[in-house]
Novice: 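Okay, here's the structure, questions in a sec.
Just so it is clear: chains get the letters A, B, ... in the order the sequence lines come, proteins before strands, and each one is counted from 1.
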Amino acid sequence: MSKGLTSRSDDYSQWYNELVTKADLAEHSSVRGCMVIKPYGYSIWEKMQAVLDQKFKETGHSNAYFPLFIPKSFFSKEASHVDGFATECAVVTHYRLKNDGNGNIIVDEEAKLEEELIVRPTSETIIWNTYKGWIQSYRDLPLLINQWANVVRWEMRTRLFLRTTEFLWQEGHTAHATSEEAIAETEQMLNVYADFAENWMAMPVVKGKKTANERFAGALDTMCIEALMQDGKALQAGTSHFLGQNFAKAFDVKFTSKEGKLEHVWATSWGVSTRLMGALIMAHSDDQGLVLPPKLAPIQVVIIPIYKGDEELAKISAEVEKITSALKAKGISVKYDDRDTQRPGFKFAEYELKGVPVRLAMGGRDLENNTIEVARRDTRTKETLSRDKIADTIEKLLKEIQTNIYQKAHTFREEMTTKVDSYDEFKKVLEEKGGFISAHWDGTSETEAKIKEETKATIRCIPLNNPQEEGVCMVTGKPSKERVIFALAY
RNA sequence: CGGGAUGUAGCGUAGCCCGGUAUCGCGCCACAUUUGGGAUGUGGAGGCCGCAGGUUCGAAUCCUGCCAUCCCGACCA
């Protein structure tokens, strides 16, 4: 591991890239645009999965698994859906390789697929094709399914976690008897995401609705949670779509209602991806490395012995054992790092880089005084405390850290949210300060496109429960009844 | 997919203009001394210089083609 990290102020983008690789989260693979998620990074993702999966189940959903490949013809069934994804699909055309006689392996042109297969960029089509066979009656509804899967979107430019050609995600796909019920599901899942972002990731988000331009291909409405990163750019952290009857019509999924009428079902889909890893990294980390919220940290507490000779190490280890078992009894994950190959200072730096929330250090002095050094990652402060009831202290401290990093991110977002009333002011804030900009907009796609064209900023969302206020669009001067949130986005 | 830059040990690099088989740092291995914030010393291993051609007695260096990566645009979770 090399020393030091590019600072955020020097080059935010480089800081991010270095952090991801140096903290052992992920690395570039030899496949262009695809990453290898390393064990430490994957264990964070696993924690996210576990929490989300439980929330999905609590809200009545079951997991299932649908194929990686989608027949091309399925794709063409929903017009706006194809338009949205056509330019970024990987296509399987052949099913066999052969030796060309010169020792080279080539595609066997004779083994051409009759119908090409698309590697799923999302699964609406294959799933709705399947649902057709599952739904006949209102008694079959609602159908509440989630799948954990990989998807492929052939992006031009990729960045570790934020945008990779292949990524991991979950996609929920539900079918309902009524529009109201489907809308309620869309909102419910958005709330699940928001709750997860704020209470587990410690990352404040704005819940809102996307404008027509930013809507998911095939949806009637897209709701989202938007987070603000430390460089003042917005990141969409999760989406929940109300699909109306678009897919039911495209795939002819009908049910007989209580009244005996044949009707198309109403659909939703919702997802979060490994992009959340990027959000988590950029929301809290500092120039020393990762800062992880205790609730998602693979290692919550690390203990480092400081000793001279094997005899002292043995004494320290015996004391540490009491602490680790007390912490484990409280469900806290602890690592005792007694490696003899690295010195304490090295370990301190390493665990800071990896974002371990609490570090305990015990040396000869502590042994005599019944004390231990407690260092917290979020504030980078340390103090020497009595070992009496240390597990209680640590448990409280972890909760405090979780709250503190949320508060810090929240305060940052508040400070970086600016209300503006003129386009000049808008451009000035965008250029000099960044962050969320709250402004009046006339509600048209044309104006939104013009702003994007001229400033690169997009409407991140129309916040839910948005205060209604009379105003005029900052660009066209046309009347507006609410403010929307603009930002430069990832 | 356009515009620019760069490919030399696991990582970061010097050498390239002016051709002679490669420099330095970190990391790695061994031993010793060390251990309350990224240890020190001594010794050691590791390279078809991105790939393929060409020019030349001789190519990391010159020429041609290809590939890859990064940055900037258009596309996007």
Novice: Taking CD from A/Q342 and C1' from B/U34, how many angstroms apart are they, rounded to a whole number?
Specialist: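 These atoms are roughly 14 Å apart.
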Novice: How many Å lie between CZ on A/R157 and C1' on B/C76, as a whole number?
Specialist: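 Atom-to-atom, A/R157 to B/C76, this comes out as 12 Å.
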Novice: Describe, in one word, how the ring planes of A/F251 and A/F247 are oriented to each other, choosing from parallel (under 30°), tilted (30 to 60°) and perpendicular (over 60°).
Specialist: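 Judged by the thresholds at 30° and 60°, the geometry between A/F251 and A/F247 is parallel.
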Novice: Can you tell which of B/G36, B/G37, B/C76 lies closest to the side chain of A/A361?
Specialist: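 For A/A361, the side-chain atoms sit closest to B/G36.
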Novice: Roughly, in whole Å, what's the span from CG in A/L160 to C1' in B/U69?
Specialist: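 Result: 13 Å.
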Novice: Scan side-chain atoms only and decide if A/T384 and A/E373 contain a donor-acceptor pair under the 3.5 Å cut-off.
Specialist: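 Per modelled atom types, A/T384 and A/E373 side chains form no pair under 3.5 Å.
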Novice: Are the side chain of A/H81 and the backbone N or O of A/F216 linked by a donor-acceptor pair below 3.5 Å?
Specialist: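 A pair under 3.5 Å: no.
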Novice: Could you check whether A/T122 gets within reach of a base, just the sugar-phosphate, or nothing at all, counting any heavy atom under 4.0 Å?
Specialist: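 Answer is nothing: A/T122 stays at 4.0 Å or more from every strand.
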Novice: Which base sits across from B/G20 as a Watson-Crick or G-U pair, both distances under 3.5 Å?
Specialist: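 B/C57 - that is the nucleotide pairing with B/G20, both distances being under 3.5 Å.
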Novice: Please figure out whether A/H28 or A/G345 has its closest RNA chain B nucleotide nearer the 5' end.
Specialist: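 Mapping each residue to its closest nucleotide by heavy atoms, the 5'-most match is A/G345.
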Novice: Of the nucleotides B/C75, B/G36, B/G38, which one has an atom closest to the side chain of A/E350?
Specialist: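 Taking heavy atoms from C-beta onward, the closest nucleotide is B/G38.
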Novice: Establish whether the base of B/G37 is bridged to the side chain of A/E373 by a donor-acceptor pair shorter than 3.5 Å.
Specialist: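 It does not, because no donor-acceptor pair links the side chain of A/E373 to the base of B/G37 below 3.5 Å.
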Novice: Checking contacts here: which listed nucleotide (B/C76, B/G38, B/G36) is nearest the side-chain heavy atoms of A/R163?
Specialist: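 It is B/C76.
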Novice: Partner lookup for B/G65, please. Criteria are Watson-Crick or G-U wobble with both distances under 3.5 angstrom; report none if nothing qualifies.
Specialist: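 In the structure as shown, B/G65 has B/C51 as its Watson-Crick or wobble partner.
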Novice: Are the side chain of A/R359 and the backbone N or O of A/A375 linked by a donor-acceptor pair below 3.5 Å?
Specialist: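 Not a single qualifying donor-acceptor pair exists.
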Novice: Any base atoms under 4.0 Å from A/F216, or only sugar-phosphate, or nothing? Heavy atoms, all strands.
Specialist: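 Counting heavy atoms under 4.0 Å across all strands, no contact is made by A/F216.
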Novice: Return the value, rounded to whole Å, for the distance between atom CD of A/E214 and atom P of B/C75.
Specialist: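 Atom CD in A/E214 sits about 11 Å away from atom P in B/C75.
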Novice: Any donor-acceptor pair under 3.5 Å joining the side chain of A/K456 to the base of B/G73?
Specialist: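 There is none.
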Novice: Going by atom types only, do A/E155 and A/T165 share a side-chain donor-acceptor pair under 3.5 Å?
Specialist: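 No pair is found: no donor N or O on one side chain lies under 3.5 Å from an acceptor on the other.
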Novice: Which nucleotide, in any strand shown, forms a Watson-Crick or G-U wobble pair with B/A14, with both distances under 3.5 Å?
Specialist: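 The answer is none; no pair meets the criterion.
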Novice: With both distances under 3.5 Å as the test, what is the Watson-Crick or G-U wobble partner of B/G37?
Specialist: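 The answer is none; no pair meets the criterion.
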Novice: Do the side chain of A/Q230 and the main chain of A/S285 share a donor and acceptor less than 3.5 angstrom apart?
Specialist: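 The answer is yes, because a donor-acceptor pair under 3.5 Å joins these two groups.
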Novice: Please classify the nucleic acid contact of A/G309 as base, sugar-phosphate, or nothing, using heavy-atom distances under 4.0 Å.
Specialist: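 A/G309: no heavy atom of the nucleic acid under 4.0 Å.
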Novice: Considering only side-chain heavy atoms of A/T87, which listed nucleotide, B/U35, B/C70, B/C75, is closest?
Specialist: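 Nucleotide nearest to A/T87's side chain: B/C75.
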Novice: Please give the nucleotide sitting opposite B/C75 as a Watson-Crick or G-U wobble pair, both distances under 3.5 Å, or none.
Specialist: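 B/C75 is paired with nothing.
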Novice: Whole Å only: how far is the CD atom of A/E27 from the P atom of B/A68?
Specialist: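 In whole Å, B/A68 P and A/E27 CD are 19 Å from each other.
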Novice: Would you check, one step at a time, whether the test side chain to side chain donor-acceptor pair (under 3.5 Å) holds for A/Q300 with A/K335?
Specialist: CA-CA 8 Å; A/Q300 293 172 307; A/K335 174 172 173 171; over 6 Å; no
Novice: Which nucleotide in the set B/C76, B/C71, B/G37 lies at the smallest distance from any side-chain heavy atom of A/N17?
Specialist: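 Side chain of A/N17 sits closest to B/C71.
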Novice: Decide, for B/U21, between syn and anti: a glycosidic angle within 90° of 0 counts as syn, anything else as anti.
Specialist: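 In terms of base orientation relative to the sugar, B/U21 is syn.
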Novice: Roughly how many Å apart are B/C48 and B/G3, using the C1' atom of each and rounding to a whole number?
Specialist: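 B/G3 and B/C48 have their C1' atoms separated by 34 Å.
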Novice: Between the base of B/G37 and the side chain of A/R359, is there a donor-acceptor distance below 3.5 Å?
Specialist: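 A donor-acceptor contact between them is present.
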Novice: Using atom CD of A/E312 as one end and atom P of B/G36 as the other, report the distance to the nearest whole Å.
Specialist: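 That distance rounds to 11 Å.
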Novice: Expressed as a whole number of angstroms, how long is the span from A/R339:CZ to B/G38:P?
Specialist: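 A/R339 atom CZ is separated from B/G38 atom P by 16 Å.
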Novice: From the list B/G37, B/U35, B/C70, which nucleotide is the closest neighbour of the side chain of A/I306?
Specialist: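 Comparing B/G37, B/U35, B/C70 against the side chain of A/I306, the answer is B/U35.
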Novice: Tell me the partner of B/G46, counting only Watson-Crick (N1-N3 plus N6-O4 or O6-N4) or G-U wobble (N1-O2 and O6-N3) with both under 3.5 Å; none if nothing fits.
Specialist: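 Check on B/G46: unpaired, no WC or wobble geometry under 3.5 Å.
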Novice: Between A/P305 and A/F85, which is nearer to the 5' end of RNA chain B once each is assigned its nearest nucleotide?
Specialist: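 First, find each residue's nearest nucleotide; the 5'-ward one identifies A/P305.
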Novice: Please classify the nucleic acid contact of A/L162 as base, sugar-phosphate, or nothing, using heavy-atom distances under 4.0 Å.
Specialist: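 Base contact.
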Novice: Which nucleotide wins on minimum distance to the side chain of A/E155, given the candidates B/C76, B/G36, B/U35?
Specialist: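 That would be B/C76.
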Novice: Please give, in whole Å, the distance from B/C75 P to A/W154 CH2?
Specialist: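 Distance, rounded to whole Å: 20 Å.
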